[in-house]
Amino acid sequence: MLDTVAKLQGVSSIMQPQPIDRAGGQTSEAFLKLEGITRRIEQQTILDDVSLSVEEGQFISLLGPSGCGKTTLLRVASGLAPCDSGTVRLAGMDITGVPAHKRNMGVVFQNYALFPHLSVAENVAFGLKAQRRDRAAIPSIVAECLAMVQLAGFGDRRISSLSGGQQQRVAVARALAVRPKLVLLDEPFSALDRQLREVMQIELRRLLRSVNMTVIFVTHDQDEALVMSDRIAVMNRGRIEDYSDPASIYSRPKSLFAFDFVGLSTRMAARVVAADGDMLTLDTKYGSVRAKGRFYPGTSVIVGVRPESIGPAGDKSDAAGEDRNRLKLWLTDIVFQGSKRHLHFAAQESDRLVAEVNSAAINMFEPDSELSVSWRVQDTLVFPT
Ligand SMILES: Nc1ncnc2c1ncn2[C@@H]1O[C@H](COP(=O)(O)OP(=O)(O)OP(=O)(O)O)[C@@H](O)[C@H]1O
Ligand SMILES: [Mg+2]
């Protein structure tokens, strides 16, 4: 596979404009740069001043709930939809007005958009023929791309004879066959079962890394985004609320929405009762906690803690002498999660109280009983309401 990839890179007819030199010989410009993109449809603002910079070779995920504008942003980036304001730059060139077919981006659409009258192999070969590749080389490239998506031997099948997940993988193979410098993937694994999905995630990542392809990948699956991405853009209502590496998005999200969207966590309504420098004392319905942050006393906030940060008070991590918060909570449910269990505690109104523990430690806990829990002050997040 990699041999062919290397050969393909040499003969690629992909547009590769020279970056603008604004830094005295250094090419510091992002590979893809969306600036101030706004799109309105019938008085509704679908994209609201969205800016996004992607470095060459990076894998970026757009993560957000249904209807937040992910597909629309991809369509604007690929030239399939116009924007009311803003610019799209690729390798330093303004391509905002360049039509989609001249942008040389690989795109996998949410609805696959395969050619139903062509066979699987003809679909995958389509872009290669359009690029006037050496005809003798095409069958082996097609075979390699189909093998990559676990569809070796499917070349002669008709599209209508394939399952949804198989069609989706043909769409991925077709987009990658021409080795575009930039590939836009709109939920490319949504129709796959979990096992195949994980295999494809690893395969795709390895391939994309090896050819230094730049990728924007749309998903509403936070685990998929955390596994695959160099950076994640969390989208909400046509805006990007957070754009950072997976670890930062997970442990230091910039907004309550980003915190809530990336995993089930503890969140409590609270009121700031004291602020000493950047150390806050907060009142919750379950007791007082402390956290770092800058809010005025009297402010209503939400306190957030990732479930794996919370453990039973008095256990090994609690004894480490760190600055910790402690609460007495009422344990209501223990939920099986494979190697982990989630402990759910009685919570008031829109609060949620959940801790994650190892299944091995499960005998320590009894539902319908009080449990003292603790977590580090530094793992306590505070968001404005
Ligand atoms: N052509 C259109 N006409 C009217 N509304 C549209 C059009 N295209 C998109 N929208 C609206 O814009 C919003 C964003 O749509 P978009 O398809 O970008 O969402 P998405 O984040 O991709 O969602 P999903 O996860 O469900 O695919 C939605 O409210 C949608 O109804
Ligand atoms: Mg979509």
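This structure is a prediction, so every number in the text was calculated from the model and none was measured. Values below: all heavy atoms of this structure, side chains included; hydrogens, waters and symmetry mates excluded. Each ligand, and each atom within it, is numbered from 1 in the order the structure gives.
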Quick test: of every protein heavy atom, which one is nearest to [atom], and how far off is it to 0.1 Å?
atom                    : value
atom 25 (O) of ligand 1 : K70 NZ, 2.8 Å
atom 27 (O) of ligand 1 : Q110 NE2, 2.7 Å
atom 26 (O) of ligand 1 : S66 OG, 2.5 Å
atom 23 (O) of ligand 1 : G67 N, 2.8 Å

Handout entry: Side-chain ion pair, R197 and E224, N-O less than 4.0 Å
Key =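 Counted as a salt bridge, because a side-chain N and a carboxylate O are separated by less than 4.0 Å.
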Handout entry: Carboxylate-amine/guanidinium proximity below 4.0 Å for D48 and R239
Key =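 Result for this pair is yes, salt bridge flagged.
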Problem - Inter- and intrachain pairs under salt bridge (charged side-chain N to carboxylate O under 4.0 Å, His left out), touching residues 345-357, at least two apart - result: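 Passing the test, one end in residues 345-357: K285-E349, K285-D351.
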Exercise for the section: Kindly determine whether E55 and F31 satisfy side chain to side chain contact (heavy atoms under 4.5 Å, CB included), including the steps that lead there. Expected result: CA-CA 5 Å; E55 302 292 324; F31 184 59; 5.8 Å; no
Practice task
Before giving the answer on side chain to side chain contact (heavy atoms under 4.5 Å, CB included), spell out for Q378 and D323 the whole-Å C-alpha distance, their side-chain angles and the decisive distance to 0.1 Å.
Solution key: CA-CA 8 Å; Q378 68 181 81; D323 197 6; over 6 Å; no
Practice task
May I ask you to identify, for I41, whether its side chain, its backbone, both or neither come under 4.0 Å of ligand 1 on a heavy-atom basis?
Solution key: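 Looking at I41 and ligand 1, just side chain atoms fall under 4.0 Å.
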Practice task
Select one of side chain, backbone, both or neither to describe which atoms of T71 lie under 4.0 Å from any atom of ligand 1, heavy atoms only.
Solution key: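 Answer for T71: both.
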Considering the heavy atoms of [X], write down every atom of ligand 1 situated less than 4.0 Å from one of them.
X    : value
E187 : 25 (O)
I46  : 11 (C), 12 (O), 13 (C), 14 (C)
G69  : 14 (C), 18 (O), 19 (O), 20 (P), 21 (O)

Exercise for the section: Check whether any side-chain N or O of T266 sits under 3.5 Å from a backbone N or O of P307 as a donor-acceptor pair, and report yes or no. Expected result: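 Absent.
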Problem - D278 side chain vs R294 backbone, donor-acceptor pair below 3.5 Å - result: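 Such a contact is absent between D278 side chain and R294 backbone.
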Handout entry: Proximal protein heteroatoms (N, O or S) of the Mg ion (ligand 2), under 2.8 Å
Key =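 Atoms qualifying: T71 OG1, Q110 OE1.
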Exercise for the section: Assess the side chains of T71 and D186: does a donor N or O sit below 3.5 Å from an acceptor N or O? Expected result: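 Yes, because at least one side-chain N or O of T71 sits under 3.5 Å from a partner of the opposite role on D186.
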Problem - S244 and D242 side chains, donor-acceptor separation under 3.5 Å - result: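 The criterion, which ignores hydrogens and geometry beyond distance, is not satisfied for S244 and D242.
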Handout entry: Quiz item: cation-pi between R174 and F115, 6.0 Å / 45°
Key =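 Yes, cation above the ring, under 6.0 Å and within 45°.
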Problem - Contact bool for atom 31 (O) of ligand 1 (protein heavy atom, d < 4.0 Å) - result: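 Given the 4.0 Å cut-off, atom 31 (O) of ligand 1 does not count as touching protein heavy atoms.
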Exercise for the section: Mark the output for G64 as yes if a heavy-atom distance to ligand 1 is under 4.0 Å, and as no if none is. Expected result: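 Per 4.0 Å heavy-atom rule, G64 does not contact ligand 1.
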Practice task
Return the set of residues passing side chain to side chain contact (heavy atoms under 4.5 Å, CB included) with A143 (not counting sequence neighbours), or none when no residue passes.
Solution key: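 Partners of A143 by the side chain to side chain contact (heavy atoms under 4.5 Å, CB included) criterion come out as none, since no residue qualifies.
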Problem - Sequence neighbours excluded, every pair satisfying ring-ring contact (aromatic ring centres under 6.0 Å, His included) that has a member inside residues 236-258 - result: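 Counting only pairs at least two positions apart or across chains, the ring-ring contact (aromatic ring centres under 6.0 Å, His included) contacts touching residues 236-258 are F257-F261.
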Practice task
Would you check the N or O atoms of E42, main chain and side chain alike, for any that come under 3.5 Å of an N or O of ligand 1?
Solution key: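 There is no such contact.
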Problem - Selected option - heavy-atom contact closest to atom 16 (P) of ligand 1, from V76, N111, T72 - result: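 The nearest heavy atom belongs to T72.
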